[in-house]
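Basis for what follows: all heavy atoms, side chains included, without hydrogens, waters or symmetry-related copies.
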Amino acid sequence: MKIKYNAPVTLTFSFICIGVLLISFFLSKNFVFQYFALPSSQNFQPANPFHYLLLFTHVFGHTDWEHLIGNLAFILLLGPMLEEIYSSPVMLLMVATTAFVTGVVNVCFFPTGLMGASGIVFMMILLASFSNNMKSGIPLTFILIVILYIGRDIADAFTNDNISHLAHLVGGLCGSLFGFFRPTPQVRRRSVKKAAAATEE
């Protein structure tokens, strides 16, 4: 039985995150902080091109294995399903957009740096709640997810726990917008084609 690279965007994203942490673990402990940590609003340098790259690449950096595994558990669970529904190119665009938006908001308004894929996780969680909504309207699952996940992060935003609740909230907002104004999912297109083929028969 062949092993299938079933979700290119999800798997490639995960392998990059693992590779970054492995390099940091075996070669240089400062590697992840030097090359994958987005500077704070006070330290961001508009004249430094690398800092603009970090607006996207900060999602690949994680402080330790617990941090990484916690994020990858959700990404590897939800990513393949979402990639199947929306297609790999659209999923890549959603991930890149979420990374960029969380980075820009952090640089503009917050005095702390940013690193990790938590924003991507929350984007996927909120987007997944829309994935089976074949009709217009807001699914109840989406409302419950907002209450459970986003509500908790709003409450925790006032605690000093070194967790970027901002990234969670912005990622969740991105996932909500993607789900509400989503492109036509691949699954729906296949269903239409199958229905058309059955009619012709």
Side-chain angles (χ1 to χ4, degrees), residues 2-22 36 38 52-62 67-106 114-139 141-146 148-150 153 164 166-194:
K2 294 174 63 176
I3 297 176
K4 185 179 180 182
Y5 205 75
N6 60 305
V9 173
T10 301
L11 290 171
T12 302
F13 182 92
S14 301
F15 286 140
I16 292 175
C17 291
I18 293 170
V20 168
L21 195 55
L22 282 173
F36 291 92
L38 180 67
Y52 290 98
L53 180 63
L54 286 173
L55 291 172
F56 294 94
T57 59
H58 68 273
V59 295
F60 296 125
H62 293 80
H67 184 201
L68 175 62
I69 292 172
N71 283 336
L72 288 190
F74 283 98
I75 290 172
L76 290 172
L77 177 66
L78 299 172
M81 175 192 71
L82 295 172
E83 208 166 328
E84 173 70 16
I85 293 172
Y86 293 98
S87 81
S88 295
V90 172
M91 196 70 233
L92 177 60
L93 179 62
M94 290 178 177
V95 169
T97 301
T98 302
F100 178 73
V101 172
T102 54
V104 168
V105 171
N106 193 84
L114 182 63
M115 181 172 61
S118 299
I120 305 300
V121 168
F122 272 72
M123 179 271 287
M124 289 185 174
I125 290 173
L126 270 294
L127 180 61
S129 68
F130 272 97
S131 62
N132 292 322
N133 185 39
M134 306 300 283
K135 299 179 181 180
S136 61
I138 300 176
T141 51
F142 169 77
I143 297 173
L144 294 176
I145 288 295
V146 169
L148 292 174
Y149 283 91
I150 303 302
D153 267 280
S164 179
L166 163 75
H168 296 179
L169 296 173
V170 174
L173 177 61
C174 288
S176 302
L177 293 175
F178 293 148
F180 194 74
F181 299 104
R182 64 191 179 283
T184 304
Q186 296 295 309
V187 168
R188 220 176 288 182
R189 270 182 252 166
R190 292 193 193 113
S191 299
V192 171
K193 288 181 180 179
K194 288 181 181 179

(request) In sequence, state the C-alpha distance, the side-chain angles, and the governing distance for Phe74 and Met124, and then conclude on side-chain contact (heavy atoms from CB on, under 4.5 Å). (result) CA-CA 8 Å; Phe74 283 98; Met124 289 185 174; over 6 Å; no

(request) Could you check Glu84 against Met91 for side-chain contact (heavy atoms from CB on, under 4.5 Å), going step by step and ending with a plain yes or no? (result) CA-CA 9 Å; Glu84 173 70 16; Met91 196 70 233; over 6 Å; no

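- Taking CG of Leu82 as the reference point, atom CD1 of Ile75 lies at 11.0 Å (rounded to 0.5 Å).
- Note that the CG atom of Leu127 and the CD1 atom of Ile85 stand 8.0 Å from one another [nearest 0.5 Å].
- Nearest heavy atom pair, residue Asn6 against residue Pro80, reads ND2-CB, 3.9 Å.
- To the nearest 0.5 Å, atom CZ of residue Phe36 and atom CG of residue Leu53 are 8.5 Å apart.
- The side-chain contact (heavy atoms from CB on, under 4.5 Å) test with Ile120 is passed by exactly one of Asn71, Thr98, Thr102: Thr98.
- Atom-to-atom distance recorded for Leu169:CG and Ser118:OG is 11.5 Å, nearest 0.5 angstrom.
- No donor-acceptor pair under 3.5 Å is formed between the side chain of Thr97 and the backbone N or O of Met94.
- For Leu55, the side-chain contact (heavy atoms from CB on, under 4.5 Å) criterion is met by Leu38, Phe44, Tyr52, Phe100, Val104, Val107, not counting sequence neighbours.
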Indicate every side-chain donor-acceptor pair of residues 11-18 with a distance under 3.5 Å to a residue at least two apart or in another chain.
| unit_1 | atom_1 | unit_2 | atom_2 | d |
| --- | --- | --- | --- | --- |
| Thr12 | OG1 | Tyr5 | OH | 3.0 |
| Thr12 | OG1 | Pro8 | O | 2.6 |
| Ser14 | OG | Thr10 | O | 2.8 |

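- Checked against ring pair (Phe, Tyr, Trp, His ring centres under 6.0 Å), His62 has the following partners two or more places apart in sequence or in another chain: His67.
- Taken to the nearest 0.5 Å, the CG atom of Leu93 stands 6.5 Å off from the CZ atom of Phe178.
- The heavy-atom pair separating Gly61 from Val20 by the smallest distance is CA-CG1, 4.4 Å.
- For His58 against Ala99, the heavy-atom pair with the smallest separation is CE1-O, 3.0 Å.
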